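Quick caveat, the model's predicted, so the values are computed rather than measured.
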Amino acid sequence: MNEENSAATSEPDKMRGGNQKASALLALLDKTGYNMIQENGQRKFGGPPPGWEGPPPPRGCEVFVGKIPRNIYEDELVPLFERAGRIYELRLMMEFSGENRGFAFVMYTTKEDAQLAIKILNNYEIRPGRFIGVCISLDNCRLFIGAIPREKKKEEILKEMKRITEGVVDVIVCPDATDRTKNRGFAFVEYESHRAAAMARRRLLPGTFQLWGRAVQVDWACPEKEVDAETMRRVKVLYVRNLMISTTEDTIKAEFNKFKPRVVERVKKLRDYAFVHFYNREDAVAAMSVMNGKCIDGASIEVTLAKPVNKESTWKQHLNGHVSPCSENLMEIPSREDSHQKSVGKPASLSLSLNGQHSPSSPELEWYSYPFLPGVKLIPISMYSLKSSYFSSAVMRLDYFCYKNNWLPPEYYLYSTTSQDGKIHLVCKVLIPSIADGSQSCFMSHKLCTTLEDARELAAQMALLHLVILKRQQYSNLPLGVTRIF
């Protein structure tokens, strides 16, 4: 009887709470003059705001907000994020039940306001004991296309990509390090929007499409790291690429010293790219404008300012192509164990690629240790009793993921190839034996590595990426092959 009375009284309470929340949202719209619509699993506030003229704000103006309590909505989020500046658009991801999904995107009218939001609102205590995470969000508009015939020129690839996909802006093709008349077997295709890139990626998925009579590899490209203007104004190191393998550090230093003697401090060359360190920033900037496009040992070089490493952040690529540097897990993944969301995997400390080259700066994992005091009691535990946040390796996270889903352990198969300079490169294929429902069970990275550990890590990352998508689709009862585009 008491349970019936409790249930009867809870329904009116829910209705009153819903009415109060609706009233609060209506009051927010009346006060701000913004519009609000809900579509494709998200509720959009603004975009554009009242009186806005011209195009939307440029890239770099949007922040990703994670760890939002499920009962918080725009009436609380908008006033909070307006502390940093004028909001162009706020997109809150929504469940069918009416609760939010725990994360949102807030676009400001300027990059400065977005940076300020990160500074003042990251780790902000929005509820007692509940801290939100805020970091920059980038809509990835670039695709990696692999297995392209090496004799194809940029003009041919651009023409073909425009023919089969829409919204193509440019194609980036990197020449081979030893034979400049050929490409490296891959290209980067830049699209006018994230949505255009996502639609192209879906069209070019392996097994559904061919280019020049062969199957191609398609994936999201690793975007260039965004560094704030203040930091870039202090950079005095140049990033030089498209160098010949045979070009030496002494040759590079001599060429960059020609426009002004003794301005180069040192040069560090890695394969076909190099970092040129200057004593003064002014000389570095001047050398960049003079040397960009020049020829060294017959190769036309590209010169840009190197982007410094941010040791406080690591790169995290979200499954829908949004990329955010974040110092912690801001968005979590649903699993069978509970209705909350759990982290599946952070990217390992492997070098990312920038336009087909190694990035001018690579994220670094920081290792933390604590003193082991005498007399401390040690308790034996199983690794599977830990939470996933205790694993930094993708290999370990994949093993943990399989165990938690009652699957057999992953199996790794190693392959090798010899590069043109005689070095052995490795790639791993990972098989998940327990997947037998017609879904993909074998995963392989499209990048070669020089160490076994890196090859296994990349294979595990690829498997985790696909398995998380599979779990999300099963969790939300979506048909396989259909993903939400935010």
Asks: Kindly give the heavy-atom pair with the smallest separation between Val134 and Asn122, and that separation in Å.
Replies: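 Nearest pair, atom of Val134 first, then Asn122: N-OD1, 2.9 Å.
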Asks: Looking at Met232 and Ala306, what are the two nearest heavy atoms and their distance?
Replies: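 Met232 and Ala306 have their closest heavy atoms at CE-O, 3.9 Å.
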Asks: For the backbone of Ile301 and the side chain of Asn242, can you confirm whether one donor and one acceptor N or O come within less than 3.5 Å of each other?
Replies: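 Not a single qualifying donor-acceptor pair exists.
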Asks: Can we say Glu160 and Lys162 salt-bridge, meaning some charged N sits less than 4.0 Å from an Asp/Glu carboxylate O?
Replies: no
Asks: Taking Thr165 for its side chain and Met161 for its backbone only, find out whether a donor-acceptor pair lies under 3.5 Å.
Replies: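 Present.
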Asks: Atom CG in Leu90, atom OH in Tyr34: separation rounded to 0.5 Å?
Replies: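 With rounding to 0.5 Å, CG (Leu90) is 10.0 Å from OH (Tyr34).
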Asks: Looking only at heavy atoms, which two atoms of Leu452 and Leu414 are closest? And how far apart?
Replies: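 Shortest heavy-atom contact: CD1-CD1, 3.7 Å.
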Asks: Would you say the side chains of Ser445 and Gln461 form a donor-acceptor pair under 3.5 Å?
Replies: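 Short answer, no.
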Asks: Applying side-chain contact (heavy atoms from CB on, under 4.5 Å), name anything that partners Arg281, two or more places apart in sequence or on another chain.
Replies: Val235, Lys236, Val285, Leu305
Asks: Taking only residues two or more places apart in sequence, or in another chain, which ones meet Thr248 in a side chain to side chain donor-acceptor pair (under 3.5 Å)?
Replies: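 Thr248 satisfies side chain to side chain donor-acceptor pair (under 3.5 Å) with Thr251 once adjacent residues are dropped.
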Asks: After noting the C-alpha distance and the side-chain angles of Ile132 and Asn123, does the key distance pass the side chain to side chain contact (heavy atoms under 4.5 Å, CB included) rule?
Replies: CA-CA 5 Å; Ile132 60 173; Asn123 292 322; over 6 Å; no
Asks: Counting distance only, does the side-chain N/O of Glu192 pair as donor-acceptor with the main-chain N or O of Val168 below 3.5 Å?
Replies: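 The answer is no, because no donor-acceptor pair under 3.5 Å joins these two groups.
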Asks: Give me the atom names and distance for the closest heavy-atom approach of Asn257 to Val263.
Replies: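 Asn257 and Val263 have their closest heavy atoms at OD1-N, 3.1 Å.
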Asks: Between Lys44 and Glu39, does the side chain to side chain contact (heavy atoms under 4.5 Å, CB included) criterion hold? Intermediate values first, please.
Replies: CA-CA 8 Å; Lys44 186 166 68 172; Glu39 59 182 3; 4.2 Å; yes
Asks: Indicate yes or no: does Lys159 engage Glu156 in a salt bridge with an N to O separation below 4.0 Å.
Replies: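 Salt bridge absent between Lys159 and Glu156.
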Asks: How about Val290 and Phe256: do any of their side-chain heavy atoms sit closer than 4.5 Å?
Replies: no
Asks: Using the side-chain contact (heavy atoms from CB on, under 4.5 Å) criterion, which residues pair with Lys294? Sequence neighbours excluded.
Replies: Met291
Asks: What residues form a ring-ring contact (aromatic ring centres under 6.0 Å, His included) with Tyr88, not counting sequence neighbours?
Replies: Trp52
Asks: Quick one: list whatever passes salt bridge (charged side-chain N to carboxylate O under 4.0 Å, His left out) with Lys258, sequence neighbours left out.
Replies: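 Once residues adjacent in sequence are excluded, the partners of Lys258 under the salt bridge (charged side-chain N to carboxylate O under 4.0 Å, His left out) criterion are Glu255.
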Asks: Could you check whether any side-chain heavy atom of Phe401 comes within less than 4.5 Å of a side-chain heavy atom of Leu464, counting everything from C-beta outward?
Replies: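 Yes, their side chains come closer than 4.5 Å.
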Asks: Tell me, please, which residues at least two apart from Lys429 pass side chain to side chain donor-acceptor pair (under 3.5 Å).
Replies: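 Checked Lys429 against side chain to side chain donor-acceptor pair (under 3.5 Å); matches are Tyr415.
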Asks: Side chains of Tyr279 and Val264, heavy atoms from C-beta outward: is any pair under 4.5 Å?
Replies: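 No, every pair of side-chain atoms sits at 4.5 Å or beyond.
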Asks: Does Gly185 offer a backbone N or O that forms a donor-acceptor pair with the side chain of Asn183 under 3.5 Å?
Replies: yes
Asks: I'd like to know if the side chain of Arg91 reaches the main chain of Arg43, judged simply by a donor and an acceptor atom lying under 3.5 Å from each other, with no hydrogens or angles considered.
Replies: no
Asks: Closest heavy-atom contact between Phe391 and Met396?
Replies: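 Here Phe391 and Met396 meet closest at CD2-CB, 3.9 Å.
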Asks: Once salt bridge (charged side-chain N to carboxylate O under 4.0 Å, His left out) is applied, do any residues pair with Asp297, and if so which ones, sequence neighbours excluded?
Replies: none
Asks: Who passes side chain to side chain donor-acceptor pair (under 3.5 Å) against Tyr108, sequence neighbours left out?
Replies: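 Side chain to side chain donor-acceptor pair (under 3.5 Å) check on Tyr108 returns nothing, list empty.
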Asks: Less than 4.0 angstrom from a charged side-chain N to a carboxylate O is my criterion; do Arg241 and Glu302 meet it?
Replies: yes
Asks: Verify, without hydrogens or angle tests, whether Arg201 (side chain) and Leu143 (backbone) share a donor-acceptor contact under 3.5 angstrom.
Replies: no
Asks: With sequence neighbours excluded, what pairs up with Arg262 under the salt bridge (charged side-chain N to carboxylate O under 4.0 Å, His left out) test?
Replies: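 Arg262 satisfies salt bridge (charged side-chain N to carboxylate O under 4.0 Å, His left out) with no residue once adjacent residues are dropped.
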Asks: Quick one: are His277 and Val267 in side-chain contact, heavy atoms under 4.5 Å?
Replies: no
Asks: For Leu92, does its backbone N or O pair with a side-chain atom of Asn100 as donor and acceptor, under 3.5 Å?
Replies: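 Not confirmed, Asn100 side chain does not pair with Leu92 backbone.
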Asks: Any side-chain heavy atom of Thr247 within less than 4.5 Å of one from Ile252?
Replies: yes
Asks: Taking the side chain as every heavy atom from C-beta outward, state whether Leu243 and Lys269 have any pair of such atoms under 4.5 Å apart.
Replies: yes
Asks: When you measure from the side chain of Tyr191 to the backbone N and O of Glu166, does any donor-acceptor pair fall under 3.5 Å?
Replies: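 No.
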Asks: Does the pair Tyr412 and Leu398 meet the rule for a side chain to side chain contact (heavy atoms under 4.5 Å, CB included), with working shown?
Replies: CA-CA 12 Å; Tyr412 291 88; Leu398 180 59; 3.6 Å; yes
Asks: Measure the CG-SG distance between Leu448 and Cys428 for me, rounded to the nearest 0.5 Å.
Replies: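 So the gap between those two atoms works out to 11.5 Å.
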Asks: Looking at residues at least two apart in the chain, or sitting in another chain, which of them share a salt bridge (charged side-chain N to carboxylate O under 4.0 Å, His left out) with Asp113?
Replies: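 Asp113 satisfies salt bridge (charged side-chain N to carboxylate O under 4.0 Å, His left out) with no residue once adjacent residues are dropped.
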Asks: Indicate the atoms forming the closest heavy-atom contact of Ala114 with Glu62, along with that distance.
Replies: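 Looking at all heavy atoms of both residues, the closest pair is CB-N, 4.5 Å.
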Asks: Listed by chain and number, what are the side chain to side chain donor-acceptor pair (under 3.5 Å) partners of Lys260, not counting sequence neighbours?
Replies: Asp283
Asks: Only pairs at least two apart or in different chains count here, so list each ring pair (Phe, Tyr, Trp, His ring centres under 6.0 Å) that has a residue in residues 135-162.
Replies: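 Matches after skipping sequence neighbours: Phe144-Phe186, Phe144-Phe188, Phe144-His446.
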Asks: Apply side chain to side chain contact (heavy atoms under 4.5 Å, CB included) to Asp170 and Lys154, showing your working.
Replies: CA-CA 10 Å; Asp170 192 19; Lys154 175 178 178 177; 3.5 Å; yes
Asks: How many angstroms lie between CD1 in Ile424 and OG1 in Thr417, if you round to the nearest 0.5 Å?
Replies: 9.5 Å
Asks: Quick check: does any side chain N or O of Lys153 sit under 3.5 Å from a backbone N or O of Thr181, one acting as donor and the other as acceptor?
Replies: yes
Asks: Using only atom types and a distance under 3.5 Å, with no angle test, would you say the side chain of His194 pairs donor to acceptor with the backbone of Asn140?
Replies: yes
